[in-house]
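Below is one structure; the comments refer to it alone.
What you are looking at is a predicted structure, and each value in this text was computed from that prediction instead of being measured.
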Amino acid sequence: MMASKRKLNLYLMAMTSSSFIGDPAYLKGIRNCKDLHIYPESNLNELLQHWNINNSQSQMKMLYWLQDEGHRAEFNRLRHFLLALSESERNQYLYTMPEGDSRKAKLLVVNKYLRRLPEASIAAYDYALYIILCHAGGRLKHLTSDAIFPKSMEAATKAQLLYTGWDEYILACAAGMEFHSNLLDADRTTENEKAYGGLFLSKSSLLNQVDWNMNLKFKYK
């Protein structure tokens with residue numbers, strides 16, 4: 001049985017509920033993709049400009065990149081490199097990397113999540129970002145209004161097939177955020193982890209109200 005559009009929109013809101021935790025690229029006071037429709041357009045412009053989006057062409061270019069490659073491509077390359085080393089070799093390699101090496105921060109994040117993520121790694125981060133950019137871009141007319149929902153649902157459906165539940169999905173989003181922002185600050189990481197945990201502890205959280213395995217099929221108009 002197909003879910004109603006209202007329930008499907010709740011699913012999209014749940015999928016983006018972790019995306020506004022900790023990442024400095026995102027907007028203060030935003031809880032999920034729905035809030036993007038009432039946020040000042042000037043702030044949305046800043047968000048899109050962070051991702052080099054300023055018109056319909058650059059919007060679609062970014063969406064195609066997230067769909068076909070995304071941040072997960074680099075994460076997976078580094079992941080495979082580290083997995084080819086023994087634990088002692090990995091530790092030695094990371095310890096001896098110079099502080100100025102641009103790859104060090106990312107390698108440390110990949111190593112942190114090396115065996116904690118499924119094969120899909122941080123694809124959740126890419127698909128959540130895809131949904132966010134669809135909503136923000138639609139608000140600024142880079143996408144037509146009738147394209148926002150079906151494009152968002154395509155990303156949601158792909159993500160649902162890659163993860164077993166909200167816990168796995170949210171962990172992958174958190175790992176992606178750390179990877180993208182090169183987050184190594186222990187205090188900030190701890191603060192963010194508490195916020196992620198709060199998404200599961202709160203009875204009002206969408207993660208406790210929306211079934212991960214919801215039927216995401218919908219009718220195109």
Side-chain angles (χ1 to χ4, degrees), residues 15-28 30 46-54 58 61-133 136 155 158-159 162-164 166-200:
M15 291 201 97
T16 54
S17 61
S18 68
S19 299
F20 299 94
I21 295 174
D23 194 328
Y26 290 140
L27 310 171
K28 302 297 183 183
I30 297 290
E46 290 181 16
L47 170 63
L48 293 181
Q49 287 170 9
H50 174 82
W51 297 107
N52 298 315
I53 296 172
N54 49 47
S58 54
K61 181 180 179 180
M62 183 63 182
L63 292 181
Y64 284 132
W65 181 78
L66 288 170
Q67 184 179 56
D68 299 334
E69 182 177 355
H71 301 90
R72 61 192 179 278
E74 182 183 9
F75 185 97
N76 290 338
R77 285 194 295 269
L78 297 178
R79 186 189 200 188
H80 292 150
F81 168 72
L82 291 179
L83 284 171
L85 305 175
S86 68
E87 184 176 0
S88 60
E89 288 172 334
R90 285 198 303 272
N91 292 337
Q92 179 67 13
Y93 179 81
L94 294 171
Y95 178 77
T96 56
M97 286 186 76
E99 291 301 323
D101 192 315
S102 60
R103 291 200 312 163
K104 184 170 185 176
K106 289 190 172 183
L107 277 166
L108 288 172
V109 173
V110 173
N111 190 55
K112 174 181 175 180
Y113 291 97
L114 196 60
R115 300 191 184 281
R116 298 172 61 191
L117 297 175
E119 185 63 26
S121 71
I122 63 169
Y125 177 78
D126 288 326
Y127 289 128
L129 177 58
Y130 186 102
I131 294 168
I132 289 164
L133 295 182
K158 289 179 180 180
L162 294 174
Y163 301 94
T164 60
W166 288 117
D167 53 348
E168 204 173 66
Y169 172 84
I170 295 298
L171 180 65
C173 284
M177 186 281 293
E178 289 185 38
F179 183 74
H180 167 67
S181 60
N182 295 333
L183 185 58
L184 293 177
D185 186 310
D187 291 336
R188 272 192 62 198
T189 300
T190 300
E191 181 181 340
N192 291 345
E193 288 174 349
K194 289 180 179 178
Y196 292 125
L199 294 176
F200 293 97

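D126 places a side-chain N or O within 3.5 Å of a backbone atom of R72 that can act as its donor or acceptor partner.
Smallest separation of non-hydrogen atoms from L162 and A123: CD1-CB, 3.9 Å. Of all heavy-atom pairs between A124 and Y163, the closest is N-OH, 2.9 Å. The heavy-atom pair separating L47 from A136 by the smallest distance is CD2-CB, 4.2 Å. What you find for A172 and L117 is that their closest heavy atoms are CA-CD2, 3.8 Å. Here the closest non-hydrogen pair linking M15 and Y169 is O-OH, 2.7 Å.
Remark: A155 pairs with Y127, Y130, I131 by the side chain to side chain contact (heavy atoms under 4.5 Å, CB included) rule, at least two apart or across chains. E69 is linked by a side chain to side chain donor-acceptor pair (under 3.5 Å) to W65, counting only residues two or more places apart in sequence or in another chain. In this view, T164 and E168 satisfy the side chain to side chain contact (heavy atoms under 4.5 Å, CB included) rule, not counting sequence neighbours. The ring-ring contact (aromatic ring centres under 6.0 Å, His included) check on F75 picks up F179, with sequence neighbours excluded. Listed by chain and residue number, K104 satisfy the side chain to side chain donor-acceptor pair (under 3.5 Å) test with E99 (two or more places apart in sequence, or in another chain). Not counting sequence neighbours, Q92 has no partner by the side chain to side chain donor-acceptor pair (under 3.5 Å) test. Y64 is linked by a side chain to side chain donor-acceptor pair (under 3.5 Å) to nothing, counting only residues two or more places apart in sequence or in another chain.
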- Does the pair K61 and I53 meet the rule for a side chain to side chain contact (heavy atoms under 4.5 Å, CB included), with working shown? CA-CA 9 Å; K61 181 180 179 180; I53 296 172; over 6 Å; no

- Message: Show, in sequence, the C-alpha distance, side-chain angles and deciding distance for N54 and L48, and conclude whether the side chain to side chain contact (heavy atoms under 4.5 Å, CB included) test is met.
- Response: CA-CA 7 Å; N54 49 47; L48 293 181; over 6 Å; no

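When side chains are defined from C-beta on, N111 counts as touching L114, because their heavy atoms get closer than 4.5 Å. Looking at heavy atoms from C-beta onward, M177 lies in side-chain contact with Y125 at the 4.5 angstrom threshold. Residues V110 and F81 form no side-chain contact, since every pair of their non-hydrogen atoms from C-beta on lies 4.5 Å or further apart. In this structure, the side chains of Y113 and L171 come closer than 4.5 Å at one or more pairs of heavy atoms. Here the side chains of L129 and H180 are not in contact, with every heavy-atom distance at 4.5 Å or above.
Among residue pairs with one or both ends in residues 75-84, those qualifying as side-chain hydrogen bond (donor to acceptor under 3.5 Å, both in side chains) are N76-S121; sequence neighbours excluded. Identified under the salt bridge (charged side-chain N to carboxylate O under 4.0 Å, His left out) test for residues 88-98, with sequence neighbours left out: none.
With rounding to the nearest 0.5 angstrom, the CG atom of L133 is 9.5 Å from the NE2 atom of H50.
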